Amino acid sequence: MGVPVEFDFDNAWRVAERFGSCALLVLQEGVIHFERYANGWSAERPAPLASGSKSFVGPLAIAAVQDGLFRSLDERVADTIPEWKEESRKSKITLRQLLTLTSGLSGGRLGDWMSDEEALRQPVRWEPGTRFAYGPVPFLAFGGVLKQKLKKESVEEYMNRRLLKPLGVRVFWQKTWGGSQEIAVPGGASATARDWATYGQWLLQQGQWKSQTILPAAALMECFKGTPVNPAYGLTFWLTPDPSVFRSTRNTKSHFAMAAGAGGQRLYLLFDIGTVVVRLGPVRRRDFRDLPLLKALLPRKF
């Protein structure tokens, strides 16, 4: 690794407890260095990831490009959804814009897991590529586009076959509303801290797993590039430890990314020190803050 790291696990757990955390796990170079649970949680109990679920969607889009389902991330949605060709703004929207939340679609209400068909019918509010709008609608729309390409295989089946099963990771999904069997990709995943950390380790290893290339490194790293509209949000990942300052690149830590969900569900990726941190807590709790925990765990880095 070559980078000396000083963790303060005791202080980090004290801070985690202050926020009512259910789990804190630190994985470095693939080895668990710290793991603790509270409030009735355990290593075997899956937790709802809320919007941390989005962390699976960006790499899934990369896989779909690698598998020839899409030509590139810059393919237009209208190439798959003919109705979008009839509207000037919709006809311009690319897959990348959907997943970087710069498509011009309104994000929609958090937790509103409408069907993908309904998401694809949502109006465009802004010119594509000009505004960042966080919310579930663009992810649900992407799920609808991918479903059209997959035909006989569901999005969940494709995700399991292509990404998760090779890692030995299990993710449990809630469905979208209205009796549909579509998975709620913006926020319906649950996983154990260990499984989410394993997935994070694979991301740190840039698509490699046990001598197998699941995704090419250069392609996967597209997930961790911001946009001119929002430099601190990539392809379904935050690139700063404080999303409230997302418009300022000065606050973005190099080699940092995270998946973030309501209640402080977190998957931190610290590429330069080979470290994955998972923090889980009650989804309905709203007081969690990233920087106090990160500063407690890694006082020299944050």
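The analysis underlying the following values was restricted to heavy atoms, covering all of them including side chains, and did not include hydrogens, waters or symmetry mates. Small disclaimer: the values here were computed from a predicted structure and weren't measured.
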Please tabulate, for the side chains in residues 133-140, all donor-acceptor contacts under 3.5 angstrom to protein atoms that are two or more places apart in sequence or on a different chain.
| unit_1 | atom_1 | unit_2 | atom_2 | d |
| --- | --- | --- | --- | --- |
| Tyr134 | OH | Ser51 | OG | 3.3 |

In chain order, what residues pass the salt bridge (charged side-chain N to carboxylate O under 4.0 Å, His left out) check against Arg71, with sequence neighbours excluded? Glu75, Asp79
Is Phe288 close to Leu293 at the side-chain level, that is, under 4.5 Å between some pair of heavy atoms? yes
Taking only residues two or more places apart in sequence or in another chain, which ones pass side-chain hydrogen bond (donor to acceptor under 3.5 Å, both in side chains) with Arg109? Asp112
For Thr213, the side-chain contact (heavy atoms from CB on, under 4.5 Å) test, sequence neighbours excluded, returns Gln208
For Pro128, side-chain contact (heavy atoms from CB on, under 4.5 Å) partners two or more places apart: Arg89, Lys92, Ile93, Gln97
Arg300 atom CZ, over 12 foreign heavy atoms within 6.0 Å: no
For the CD1 atom of Ile273 and the CZ atom of Phe7, what is their distance to the nearest 0.5 Å? 5.0 Å
Partners passing side-chain contact (heavy atoms from CB on, under 4.5 Å) against Thr227 (at least two apart in sequence or in another chain): Thr100, Thr102, Val229, Asn230
Quick one, Thr176 and Ile183 - any side-chain contact, counting heavy atoms below 4.5 Å? no
State which residues pass salt bridge (charged side-chain N to carboxylate O under 4.0 Å, His left out) with Arg284; sequence neighbours excluded, sorted by chain then number. none
Under the salt bridge (charged side-chain N to carboxylate O under 4.0 Å, His left out) test, which residues partner Arg194, sequence neighbours left out? Glu35
Could you pull out the closest heavy-atom pair between Ala219 and Ile62, with the gap in Å? O-CD1, 3.3 Å
Mind checking what makes salt bridge (charged side-chain N to carboxylate O under 4.0 Å, His left out) contact with Arg285, not counting sequence neighbours? Asp287
Please tell me if the side chains of Leu220 and Pro59 come closer than 4.5 Å, counting only heavy atoms from C-beta onward. yes
Judged by modelled atom types alone, do Trp13 and Glu17 share a side-chain donor-acceptor pair under 3.5 Å? yes
Below 4.5 Å, heavy atoms only, C-beta onward: do Asp290 and Arg266 meet side chain to side chain? yes
Locate the shortest heavy-atom distance separating Ala259 from Trp196; write the atom from each residue and the value. CB-CZ2, 3.9 Å
Can we say Lys147 and Glu182 salt-bridge, meaning some charged N sits less than 4.0 Å from an Asp/Glu carboxylate O? yes
Kindly state whether the ring of Tyr199 and the ring of Trp202 have centres lying under 6.0 angstrom apart. yes
Between the side chains of Glu222 and Lys225, is the shortest nitrogen-to-carboxylate-oxygen separation below 4.0 Å, so that they form an ion pair? yes
Residues in side-chain contact (heavy atoms from CB on, under 4.5 Å) with Ser53, at least two apart? Leu49, Trp173, Ala189
Say whether Ser21 and Arg279, considering side chains only, have a donor N or O and an acceptor N or O under 3.5 Å apart. yes
For Phe224, enumerate each residue passing the ring-ring contact (aromatic ring centres under 6.0 Å, His included) test, keeping only those at least two apart in sequence or located in another chain. Phe237, Phe271
Roughly how far apart are Lys85 NZ and Ile81 CD1, rounded to 0.5 Å? 10.5 Å
Does Asp195 come within less than 4.0 Å of Arg170, counting only side-chain N to carboxylate O? no
What pairs of donor and acceptor atoms, side-chain ones from residues 159-166 against any protein atom, are under 3.5 angstrom apart with sequence neighbours left out?
| unit_1 | atom_1 | unit_2 | atom_2 | d |
| --- | --- | --- | --- | --- |
| Asn160 | ND2 | Glu156 | O | 3.4 |
| Arg161 | NE | Glu153 | OE2 | 2.9 |
| Arg161 | NH2 | Glu153 | OE1 | 3.1 |
| Arg162 | NE | Asp67 | OD1 | 3.1 |
| Arg162 | NE | Asp67 | OD2 | 2.8 |
| Arg162 | NH1 | Ile214 | O | 2.8 |
| Arg162 | NH2 | Asp67 | OD1 | 3.1 |

